[in-house]
Structures are given as C-alpha cells and as structure tokens.
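Each remark here refers to the structure printed beneath this line.
We count residues from 1, following the sequence as given. All values derive from a computational prediction rather than experimental measurement.
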Amino acid sequence: MPSEADGIAYPVPAHPTDDDIGYAQKAVIIHQGEDWPAGMQCVNCHVPWPCPVNRWGRGVLGSAGYAEADVAGLVRRARRGIVPWS
C-alpha cells in the first residue's frame, strides 16, 4: 500500500472547475481518518492519514477558496447525512 512517506501527490489545479470541487468534496468526506493502534489510518484506503486522496481534496478545496473551517464544516455535515451531492 502506498503511504504519505512514498511522496504520492496528485496535481491540484490552480483554478478548479465545478467538477474538481465536487470530486474534492467527496474525497475529503470519504477519506477520513480513524484511530488504530498503529496510528491514524484512512477508513477508505487504509494508509496513514491524511492519505494522498484526502490531501488532494483539501488542496483543491483550498485552491477554490475554502478555508479549513469550511472543510471541517463540510465533514461535520456529512457525518449527519448532509452531503453536497444529494
């Protein structure tokens, strides 16, 4: 399995499209961290968290003008079942 130490990084567009933003929202919602005895792991891809996909999603949202508080709010709402794609 790839890990953050492998240096995996996906390109973040300077000017994200609506599609980029939608995929990034899904990435940060689906690729969340979970505590394991070995440390935080992504619940989706099971690598050390934040995984490359979560980092990419946060990068895209940041490039689109989202503050960290906006991303945290997105994740909180998703945990309550309120997702942007429904």
Is there a path from [X] to [Y] through hydrophobic residues (I, L, V, M, F, W, Y) whose side chains come within less than 4.5 Å of each other?
X: Val12; Y: Tyr10; value: yes
X: Trp85; Y: Tyr66; value: yes
X: Val83; Y: Tyr23; value: no

* Go through the steps for Trp36 and Glu34 under the test side-chain contact (heavy atoms from CB on, under 4.5 Å), then give the verdict. => CA-CA 6 Å; Trp36 283 81; Glu34 182 174 67; 3.0 Å; yes

Should [X] and [Y] count as side-chain neighbours, where that means a heavy-atom distance under 4.5 Å?
X: Cys42; Y: Asn54; result: no
X: Cys45; Y: Val53; result: no
X: Pro48; Y: Gln41; result: yes

* Heavy-atom closest pair, residues Gly57 and Val28 ->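 Heavy atoms of Gly57 and Val28 come nearest at C-CG1, 3.7 Å.
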
* Could you tell me whether the side chain of Trp56 and the main chain of Ala24 form a donor-acceptor pair under 3.5 Å? =>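 Here the side-chain-to-backbone pair does not exist.
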
* **CG-CD1 distance between Leu74 and Ile82, expressed to the nearest 0.5 angstrom** =>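 It is 11.0 Å, given to the nearest 0.5 Å.
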
* To do: Find the distance between CH2 (Trp49) and CZ (Arg55) and round it off to the nearest 0.5 Å.
  =>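 These two atoms lie 10.5 Å from each other.
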
Check: residues 14-22 side-chain donor-acceptor pairs under 3.5 Å, at least two apart:
from  : atom 1 : to    : atom 2 : distance (Å)
Thr17 : OG1    : Asp19 : N      : 3.4
Thr17 : OG1    : Asp20 : N      : 3.1
Thr17 : OG1    : Asp20 : OD2    : 3.2
Asp20 : OD2    : Thr17 : N      : 2.9

* Asked: Considering the options Pro50, Cys51, Pro52, which one meets the side-chain contact (heavy atoms from CB on, under 4.5 Å) requirement together with His31?
  ->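 Of Pro50, Cys51, Pro52, side-chain contact (heavy atoms from CB on, under 4.5 Å) with His31 is met by Cys51 alone.
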
* Tell me the side chain to side chain donor-acceptor pair (under 3.5 Å) pairs involving residues 68-77, sequence neighbours left out? ->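 For residues 68-77, and leaving out neighbouring residues, the side chain to side chain donor-acceptor pair (under 3.5 Å) pairs sorted by first residue read Arg58-Glu68.
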
